[in-house]
Amino acid sequence: MLEDEYQLDFFYENGFIRKQCSKCGKFFWTRDVDRSTCGDAPCDPYSFIGDPVFKKNYDLSEMREYYLKFFEDRGHTRLERYPVVARWRDDIYLTIASIADFQPFVTSGQVRPPANPLTISQPCIRLSDLDAVGRSGRHLTTFEMMAHHAFNKENEEVYWKDHTMELCDELFNSLGADPLAVTYKEEPWAGGGNAGPCVEALIGGLEVATLVFMDLEQSGQGNILIKGDQYRKMDNYIVDTGYGLERFVWASKGSPTIYDAVFPNIVNELMGLAGIEHELDNSEYANILAQNARFAGLMDVSEKANLFQLRKQVASSIGTTVDKLSTIMEPVENVYAITDHTRCLTFMLADGIIPSNVKEGYLARLVLRRTLRKMNEMDIRIPLSEIVEMHIDNLPEYPEFGEKLDVIRDILEHEEKKFADTLERGRRMIRKSAKHYKSAGEKIPLSTVIEMYDSHGIPPEVSKEAAAEMGVETELPDNFYSLVAEGHSRAEAKVEKVFPYADKVDKLPKTKRLFYDEPARMEFEAVVLDVFDNHLVLESTLFYPEGGGQPADHGTITVYDDVLNVVDVQIVNGVVVHTINGTEDEFHLRKGDLVIAKVDEERRMAHACHHTATHIVNDAARKVLGDHVWQTGAQKTVERARLDISHYKRITQDELNQIELIANRTVMENQRVTAEWMDRVDAEKKYGFKLYQGGVPPGNRIRVLKVADDVEACGGTHCTSTGIVGPIKMLKTERIQDGVERIEYAAGLAAVRATQKLQSYLDQSAEALRVLPEHLPSTIERFFGEWKDFKKENEKLKDELAHVRVAGMINDAIDIGGIRVIASLVPNADAEELVKIAGELTREKDVVSILVSDAEGVKIVAAAGNDALIAGANAGSIVREMSKVVGGGGGGRPNMARGGGVDPLKVNDSLECGVALLKEQLKVA
RNA sequence: GGGCUUGUAGAUCAGUUGGAAGAUCGUCGCCUUUGCAAGGCGAAGGCCCUGGGUUCGAAUCCCAGCAAGUCCA
């Protein structure tokens with residue numbers, strides 16, 4: 001079936017023939033009648049190294065510009081790149097392909113494309129082959145996907161396969177590629193719920209472009225089977241191409257590795273710092289790298305076993321040993337990886353990712369720490385920010401990077417310190433553990449190494465190294481990381497809550513939402529469209545459904561004489577569903593009834609104040625903390641609101657005060673709050689992706705809300721001007737994740753109430769201490785100091801008291817088998833005092849003391865001096881038995897034990913019991 | 001979003017089965033020394049993160065919170 005897809009006029013008219021690869025069996029198109037292989041790895045090895053495929057060599061910006069200009073000249077609109085962090089999507093963190101820019105709404109046909117056809121060079125980040133980066137000679141974490149896209153609809157076709165192939169082929173020809181060297185391999189493509197035929201463009205053994213003709217979508221009813229899944233034709237069909245900028249540059253230069261082609265000056269600089277002579281003019285050295293890249297091109301080197309295979313092949317091809325080769329290659333590979341990783345970090349941080357322990361922030365930290373480890377290994381002792389600065393200088397076509405330099409430097413310094421601390425902490429833990437296993441004469445077990453990594457972030461090599469310094473071996477198998485993964489329990493798939501009547505609701509027309517046009521109106525009449533149990537759908541409503549962190553409106557709906565309470569309002573696919581407190585039996589509503597409804601105005605106003613305040617605070621936070629601040633969540637209630645923002649440090653009280661001041665200033669300026677329905681594409685162009693801080697709404701048109709300098713796509717109900725918000729009172733900050741700060745505040749009347757509450761805390765505290773509130777800090781400090789002094793003095797007095805008492809008590813000792821025994825009641829003494837007395841008494845070696853007190857129930861302490869112990873006395877068992885008598889328990893060591901009970905009347909019985917037991921122990925009849 | 005680890009003296013950390021809060025470094029005082037480095041003797045310094053619970057008794061066990069670290073999606 002799919003075969004027909006590739007029978008293009010373009011091929012036939014341009015002298016191509018379809019062949020089947022003699023090695024992999026796949027079909028491909030070529031102009032070369034003698035060719036028998038498809039041109040892709042592993043069927044064809046790299047031939048471009050040392051033998052560039054284009055007539056001229058290009059650096060990144062030249063190549064990018066050439067490409068974009070080429071497509072611009074051929075009717076495409078050039079688009080600015082999108083950020084590497086996919087702010088407009090909630091299903092992926094990073095931009096992994098140019099088409100990701102247009103998913104999901106443009107590709108689904110819901111939103112018109114920003115231009116059609118268009119061309120773009122989109123920086124992408126893929127961390128899936130992290131281990132291969134540096135080793136394979138071709139893998140990068142960050143690359144630019146140059147692309148031209150055409151979005152076709154039935155009866156509105158821009159262009160499809162033939163023209164796409166034509167453009168691609170023309171591009172190669174214009175760059176001076178040998179037409180006979182270019183092959184186009186057929187390779188059906190599927191991913192992310194879509195699929196379609198695809199052609200890979202290959203030259204010199206290198207895949208440089210992928211041309212996807214996306215025209216299928218996954219569907220249970222589909223009749224096209226690809227890789228076991230069913231697909232069906234889509235109404236719209238999309239030309240999704242991807243040309244690897246870095247690969248084009250590499251192919252144009254023919255350097256041994258892609259790294260030497262893409263950022264040669266930084267590679268050289270770092271090689272120098274690492275003390276490696278990276279002389280590509282040296283043909284022997286260049287040959288090693290080239291051979292490595294050629295062989296690596298044929299395999300996946302992210303696995304250790306494969307890496308060894310690679311080494312073996314390269315070693316034998318140049319006539320050396322694996323060991324010798326490894327000592328040459330490993331440092332070079334590390335430097336390549338460092339160069340690549342730092343470029344990745346440059347894009348990540350400049351586009352606003354804050355390193356964190358969750359989400360995309362974790363990915364940034366992962367790359368960052370990996371880089372630091374490699375730098376450490378290579379003994380490159382410069383701040384990370386210096387390398388990042390080199391990249392920024394190297395990428396003048398991204399002027400926005402330079403503007404972020406100060407924040408980036410700050411973040412990097414902070415992260416470097418953090419990692420150094422973590423490692424130092426880890427080394428200490430390992431040393432401790434090593435000491436333990438050394439004395440036992442054992443290796444450090446795997447479980448410890450896993451825990452060090454999993455719970456404390458200490459890479460296994462670091463553990464091993466630290467242990468080795470102590471002369472202890474470490475158990476560290478090759479499949480360490482998979483063992484770590486095994487230890488993790490599988491996350492349970494969460495069951496998403498589905499509205500039970502979703503099917504029926506889907507058939508109803510979308511509810512007219514009146515609250516946008518008439519934000520001040522609270523009463524309305526409407527016709528009932530349908531009723532499901534206690535859920536009610538009206539044809540129009542003033543009730544705001546929960547959304548955007550704003551809770552649902554409450555209120556009443558009156559029908560005939562029944563007043564029904566609305567306790568929840570949700571929106572299901574554009575249909576607003578009101579939930580009534582009660583069951584259907586209790587009220588009598590039918591389709592077509594006319595109801596009078598009233599929204600709880602106070603609740604709505606409180607929400608509106610907090611919602612508008614949230615935008616104001618967000619704006620103020622960005623002004624105080626910096627432009628990297630990004631809203632990651634928000635929630636409003638009647639009493640308070642909270643805003644989560646990305647920030648790499650804790651917010652200080654001083655900063656919070658500033659935010660509060662700026663926010664209240666915005667309020668006092670009484671600026672108009674405006675909401676405007678805009679075309680999505682226009683809005684994005686005008687305001688950027690900051691629009692989507694509160695979430696990404698669906699649809700072609702979005703509601704753009706402007707509050708002060710904050711512009712966001714927001715569907716909430718708001719105050720009409722900032723003055724109406726009233727005072728904004730900061731309540732607290734909280735660190736909900738590393739890199740995410742939560743600010744809590746109250747606005748309007750809630751702010752006044754919050755302030756009053758704080759005031760009452762102060763007043764109550766001041767009153768309790770009988771001072772004025774302004775004297776609280778000094779008074780409390782004094783009190784706390786005095787309390788500590790009293791505590792110490794109390795301790796001292798008890799010591800002295802014990803000392804004094806002891807003198808009297810020792811005289812009352814009775815002799816039991818040569819041991820002096822003091823068994824007595826010490827009235828009102830607490831356990832602490834008894835211990836002191838007993839301790840004091842038993843400094844005499846031949847003494848056993850059994851003390852009982854009637855404070856707070858019964859306290860019992862027994863102690864035995866050294867001679868008494870030898871004679872058989874055991875305070876522990878004495879106390880245990882005595883405690884039973886008074887209805888409690890106790891125990892301790894033979895020389896000192898404590899216990900107690902609840903029955904003070906049995907104090908004497910208990911003492912007698914203790915003495916009797918002691919006699920037994922001392923074997924005195 | 002899920003998992004794991006940790007909060008004890010100024011710092012780094014011990015603290016057994018629940019039963020007398022410790023070590024090392026640092027600080028202070030005295031001694032030794034021509035001086036420095038160091039050594040000797042001694043001292044100060046603890047809401048054992050917070051709040052509940054279990055218990056005669058909690059740094060220790062349980063629950064909740066706060067703070068910190070870390071792995072993964």
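Residue numbering restarts at 1 for every chain, and letters A, B, ... go by the order of the sequence lines.
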Touch class at under 4.0 angstrom, heavy-atom based, for G891(A) against every strand present: base
Whole-Å P distance, C49(B) and U8(B): 6 Å
K435(A) NZ - C13(B) P separation (whole Å): 13 Å
Whole-Å C1' distance, U16(B) and A58(B): 15 Å
Touch class at under 4.0 angstrom, heavy-atom based, for L366(A) against every strand present: sugar-phosphate
R843(A) atom CZ, over 12 foreign heavy atoms within 6.0 Å: no
Distance, P atom - from A21(B) to U5(B), rounded to whole angstrom: 28 Å
Whether over 12 other heavy atoms sit under 6.0 Å from E442(A) CD: yes
Sidechain N-carboxylate O distance under 4.0 Å for E795(A), K836(A): yes
Sugar-phosphate only, base, or nothing, as touched by G457(A) at under 4.0 Å among non-hydrogen atoms: sugar-phosphate
Touch class at under 4.0 angstrom, heavy-atom based, for E856(A) against every strand present: nothing
Side-chain N,O (R425(A)) to OP1/OP2 (U70(B)) below 4.0 Å: no
E424(A), CD atom: more than 12 neighbouring heavy atoms under 6.0 Å: yes
Spacing of D421(A) atom CG relative to A68(B) atom P, expressed in whole Å: 14 Å
Audit row: E912(A), N908(A), side chain to side chain donor-acceptor pair (under 3.5 Å) steps and yes/no: CA-CA 6 Å; E912(A) 277 168 31; N908(A) 286 322; over 6 Å; no
Donor-acceptor pair (no angle test) under 3.5 Å: N357(A) side chain, U70(B) base: yes
Salt bridge K798(A)-E832(A), side-chain N to carboxylate O under 4.0 Å: no
Cation-pi check, R87(A) onto W630(A) ring (under 6.0 Å, within 45° of axis): yes
B/S/- contact track for nucleotides 42-51 of chain B, protein heavy atom under 4.0 Å: ---SSB----
Nearest-Å distance once atom C1' is located in both G22(B) and U60(B): 15 Å
Sub-6.0 Å ring centroid separation between F689(A) and W88(A): yes
Consecutive-pair stems (at least three Watson-Crick or G-U pairs, under 3.5 Å) that include RNA chain B: B:1-7 with B:66-72, B:10-13 with B:22-25, B:27-31 with B:39-43, B:49-53 with B:61-65
Pairwise C1' distance, C25(B) and G45(B) [rounded to whole Å]: 14 Å
Sugar-phosphate only, base, or nothing, as touched by V358(A) at under 4.0 Å among non-hydrogen atoms: base
Per R735(A) side chain, nearest of listed nucleotides G69(B), A67(B), U12(B): G69(B)
Spacing of the C1' atoms in U24(B) and A20(B) (rounded, Å): 22 Å
Position toward the 5' end of RNA chain B (nearest nucleotide), K859(A) or T842(A): T842(A)
W787(A) and F790(A) aromatic centres sub-6.0 Å: no
Minimum-distance nucleotide (side-chain atoms of E734(A) versus A67(B), G1(B), A14(B)): A67(B)
Interatomic distance, L368(A) CG vs C71(B) C1' [rounded to whole Å]: 16 Å
H414(A) side-chain N/O to D410(A) backbone N/O, donor-acceptor pair under 3.5 Å: no
Nearest-Å distance for atom pair NZ/P, residues K359(A) and U70(B): 19 Å
Sugar-phosphate, base or nothing in reach of R369(A), heavy atoms under 4.0 Å: sugar-phosphate
Interatomic distance where CZ belongs to R898(A) and P belongs to U17(B) [whole Å]: 19 Å
Sugar-phosphate, base or nothing in reach of R650(A), heavy atoms under 4.0 Å: sugar-phosphate
Nearest-neighbour nucleotide for the D738(A) side chain, A14(B), C4(B), G69(B) considered: G69(B)
Sugar-phosphate only, base, or nothing, as touched by T422(A) at under 4.0 Å among non-hydrogen atoms: sugar-phosphate
NZ/NE/NH1/NH2 to OD/OE distance under 4.0 Å, D131(A) and R370(A): yes
Touch class at under 4.0 angstrom, heavy-atom based, for K836(A) against every strand present: nothing
Nucleotide G57(B), atom P - distance to CE of M882(A) in whole Å: 17 Å
Phosphate OP1/OP2 of C56(B) contacted by R880(A) side-chain N/O (<4.0 Å): no
Rounded distance in Å between the C1' positions of G26(B) and A44(B): 13 Å
Sugar-phosphate only, base, or nothing, as touched by Y93(A) at under 4.0 Å among non-hydrogen atoms: base
Lys/Arg-Asp/Glu bridge criterion (N-O < 4.0 Å) met for D738(A), R735(A): yes
Atom-pair distance (CD1 on I736(A); P on A67(B)), nearest Å: 11 Å
P atoms of C56(B) and G18(B), separation to the nearest Å: 15 Å
Protein-nucleotide distance (I96(A), atom CD1; A73(B), atom C1'), rounded to Å: 15 Å
